[in-house]
Amino acid sequence: MLRIATWNVNSLKVRLPHVLDWLRTQRPDILALQETKLSDADFPTLDFAEVGYHAAFSGQKTYNGVAILSRLPAQHLVTDLPELDDPQRRVLAATLGGVRVLNLYVPNGQAVGSDKYLYKLDWLNKLNTWLATELSQHPKLVMLGDFNIAPEDRDVHDPIAWAGQVLCSEPERAAFRQIIAQGLTDTFRLFPQEERSFSWWDYRAAAFRRNLGLRIDHILASSVLADRCHGCRIDTAPRRLERPSDHAPVVAEFNINLN
DNA sequence: ATGGTGGCGCGGCCA
């Protein structure tokens, strides 16, 4: 059995106790983190070793930053999209026990039409090109992380208010569908889910208490793995803690053995 | 209520 999870922690320095507690109780084989906001020299490798996890990371001060925590050591790390010379640390790929894991912190995009939005669309285009290469080399592949895209209206608490806005705009959704069209499956939608299931809630306006959220964190699986997926859920428990991340972890399980 | 909250780091950016 393989249990793999993704969690945008919005500062690993602040959220380290939450992440350590969650690892101790949930025991995933792999946890992909986004928005660590730490330079690599400051990564708390020893704290994770004490609870039985290896750590691979690609970080920077203040912004962005991705990491993979795993029971098995990570091999064949990749930290950049091909053809994108980018100081922003948003990508970490690794192979774990024969499974290729692509951990992403997709750009937010700020507002439709902004420079950051154009950067996001260009980033997603280059991501799609890279995905084709990775899929050709790795039949057992999981792409997961904070996609900053709500793929469908049912992933949005108020689709009318959000129509055409960043995270929901048609070009972003088209880029997501292009990823899916390469043969990946949104594991969350393989199973019956509660209506109004979300993975992110704004800190403002008591959005979590009112469940005014978006589902923008995803675990996508190649066909070999999707056929063996037997569950995917959003764990809202950490979002209820004191000083939480604005995102909840998403967890998927597969009937495969790591080798 | 065109604001609101949170992280970083100490003014303003980013989400």
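So that the names make sense, note that chain A is the first sequence line, chain B the second, and so on, each numbered from 1. What's counted below: heavy atoms across the whole structure, side chains too, no hydrogens, waters or symmetry copies.
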Note to self: When the C1' atoms of dG6(B) and dC10(B) are compared, how many Å lie between them, rounded to an integer?
What the structure shows: 16 Å
Please determine whether a side-chain nitrogen or oxygen atom of [X] lies at a distance below 4.0 Å from atom OP1 or OP2 of [N].
| X | N | value |
| --- | --- | --- |
| R204(A) | dA15(B) | no |
| R243(A) | dT5(B) | no |
| K116(A) | dC13(B) | no |
| S11(A) | dG6(B) | no |
| T62(A) | dC13(B) | no |

Next item on the list: Ignoring hydrogens and angles, state whether a donor on the side chain of W200(A) or D146(A) is under 3.5 Å from an acceptor on the partner side chain.
Entry: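 Looking only at side-chain atoms, D146(A) and W200(A) do not form any donor-acceptor pair under 3.5 Å.
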Note to self: Tell me whether the count of non-hydrogen atoms from other residues, nucleotides or ligands lying under 6.0 Å of CG in D158(A) goes above 12.
What the structure shows: yes
Note to self: Tell me if the CZ atom of R3(A) is crowded by more than 12 foreign heavy atoms within 6.0 Å.
What the structure shows: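 Atom CZ in R3(A) is crowded, with more than 12 foreign heavy atoms closer than 6.0 Å.
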Note to self: Need to verify one output field. Residue with the more 5' nearest nucleotide on DNA chain B, R15(A) or W200(A)?
What the structure shows: R15(A)
Note to self: Salt bridge check, R177(A) against E170(A): does any charged N sit closer than 4.0 Å to a carboxylate O?
What the structure shows: yes
Item checked: Y63(A) OH to dG9(B) C1', straight-line distance once rounded to whole Å ->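 Atom OH in Y63(A) sits about 10 Å away from atom C1' in dG9(B).
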